[in-house]
Amino acid sequence: EAKAAGRNSVRFFDPSMQAQVRSRAELEAGIRRGLDNGEFELHYQPQYSDDGELVGAEALLRWQHPERGMVSPAEFIPVAEASGLIRPLGHWVLEEACRQLVRWDTDPVLGSIAISVNISAVQMHHENFVNELLNVLEHSGANARRLKLELTESMLVRNVEQTIDKMAALRRRGVGFSLDDFGTGYSSLIYLKRLPLDQLKIDQGFVHDLLHDANDTAIVRTVIALGQSLELSVIAEGVETDEQRSVLTDFGCRYFQGYLFSRPLPAEAFEALAHEQV
Ligand code: C2E
Ligand code: MG
Ligand code: MG
Ligand code: MG
């Protein structure tokens, strides 16, 4: 037995695993330092209505690492979630998004758009989330009606009642909710009807194969019809081609986001884009 345990513990020191452990610890320390040193920034990806009007921006977190350059959120968000660092990081994102809303307040174009912020399950399920967000709104002076939170289905299957209460409390103050990556999770239609949502966001995976995969065509059509019957707006993410936009429009989708229109941009570039389109 001791031998078996010994063998197992030897496996723990497998060099690739050690590298993984080290890089995770390094990432954690890096995120902490990055928050202190102002290495994070938000980029903004425009969202358009079917008549070409700029209606919103999704705030996407970017980490300008001093040695590694741009680190993708796909790499550091999971580490931030597992370590609890997503709370201070997510709080910074909300503060920055609200500051941006206030900066844009008096702008003729940007003063009427909404910013969508991605919220992770760890943040949403924290008991103080609602109060913390209301404080951020109050201190920043941002208009809650111009803030939208993107939640994912998987976070809504846990603590459903509590989550609905939190959403309802924020919605009373004007905050909107979008269900991100819709179709990839497994939210039941009963919950969907009960959630105080404003928007469904069709996952980019379905949009990607919309023209080539009959299943994805059917799913996209169904999601759009579902949104219409629940009186939710439907936005497609990951729209890359005019053909995709056209099929989505035919199916009744009214809002779009994707590389066809623009990649996520630093605030100044986003502002320039918004103004050149007027
Ligand atoms: P998401 O919320 O589903 O965001 C959409 C992702 O698709 C973004 O990747 C965006 O840059 C990318 N994208 C947009 N248009 C296109 C397109 O036409 N084609 C393709 N192939 N991709 C497109 P990004 O910025 O790397 O973010 C990845 C994920 O990281 C996000 O997925 C979100 O889950 C998470 N994330 C980003 N920022 C935050 C944040 O502030 N907080 C939290 N909790 N998560 C965040
Ligand atoms: Mg999102
Ligand atoms: Mg998404
Ligand atoms: Mg996605």
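Numbering of ligands and ligand atoms starts at 1, following listing order. The analysis underlying the following values was restricted to heavy atoms, covering all of them including side chains, and did not include hydrogens, waters or symmetry mates. Bear in mind that the values here come from a model prediction, so they are computed numbers and not experimental data.
Using a 4.5 Å heavy-atom threshold, the side chains of Arg245 and Phe261 count as touching. Annotation: side chain of Arg173 is not in contact with side chain of Glu138 (no heavy-atom distance under 4.5 Å). Side-chain contact check for Leu149 versus Leu133: some heavy-atom pair is nearer than 4.5 Å. Within the 4.5 Å cutoff, side-chain heavy atoms of Phe270 are placed close to those of Ile113. Under the 4.5 Å side-chain criterion, counting only non-hydrogen atoms from C-beta, Thr217 is not in contact with Phe206.
Counting heavy atoms under 4.0 Å from ligand 1, residue Ser120 touches it through both backbone and side chain. If you look at Arg62 next to ligand 1, the close heavy atoms, those under 4.0 Å, all belong to the side chain. Contact annotation: for Gln204 versus ligand 1, heavy atoms closer than 4.0 Å belong to the side chain alone. Under 4.0 angstrom from ligand 1, the non-hydrogen atoms of Asp181 all belong to its side chain. Under 4.0 angstrom from ligand 1, the non-hydrogen atoms of Gln45 all belong to its side chain. Contacts with ligand 1 closer than 4.0 Å are made by side-chain heavy atoms of Ile77 only, the backbone lying farther away.
Rounding to the nearest 0.5 angstrom, the gap separating the OH atom in Tyr44 from the OG atom in Ser116 is 11.5 Å. Separation of atoms CG (Asp198) and OG (Ser178) is listed at 8.5 Å; rounding is to 0.5 Å.
Counting atoms of ligand 1 from 1 in the listed order, those under 4.0 Å from a heavy atom of Glu240 are 17 (C), 18 (O), 19 (N), 20 (C), 21 (N). Close contacts of ligand 1 with Val93, meaning ligand atoms under 4.0 Å from a residue heavy atom, involve 41 (O). Using a 4.0 Å cut-off to heavy atoms of Gly258, the atoms of ligand 1 that qualify are 15 (N), 18 (O).
Nearest to atom 5 (C) of ligand 1 by heavy atom, out of Glu237, Glu75, Gln257, Gln123, is Glu237. One option in Thr241, Asp180, Val207 has a heavy atom closer to atom 1 (P) of ligand 1 than any other, and that option is Asp180.
Taking any N or O of Glu81, backbone or side chain, none lies under 3.5 Å from an N or O belonging to ligand 1. In terms of polar-atom proximity, Leu61 is counted as a contact of ligand 1, with an N or O under 3.5 Å from an N or O of the ligand.
Residues Gln204 and Asp181 have side chains that never bring a donor and an acceptor to within less than 3.5 angstrom of each other. The closest side-chain donor-acceptor pair between Trp104 and Glu271 falls under 3.5 angstrom. Counted by atom type alone, Asp213 and His208 present zero donor-acceptor pairs between their side chains at under 3.5 Å. Residues Gln257 and Gln45 bring a donor and an acceptor atom of their side chains to less than 3.5 Å of each other.
Within the structure, the closest approach of Arg263 to ligand 1 does not fall below 4.0 Å when heavy atoms are considered. Put simply, part of Glu58 is less than 4.0 Å from ligand 1, judged by heavy atoms. Using a 4.0 angstrom heavy-atom cutoff, Gly90 does not count as in contact with ligand 1.
Exactly one residue among Ile235, Val234, Ile202 makes a side-chain contact (heavy atoms from CB on, under 4.5 Å) with Tyr255. That residue is Ile235.
A pairwise comparison of heavy atoms in Asp180 and Asn118 identifies OD2-OD1, 3.1 Å as the closest pair.
Relative to the ring axis of Tyr191, Arg194 does not place its NZ or CZ within 45° and under 6.0 Å from the centre.
Around the Mg ion (ligand 2), protein atoms of type N, O or S found under 2.8 Å number 4.
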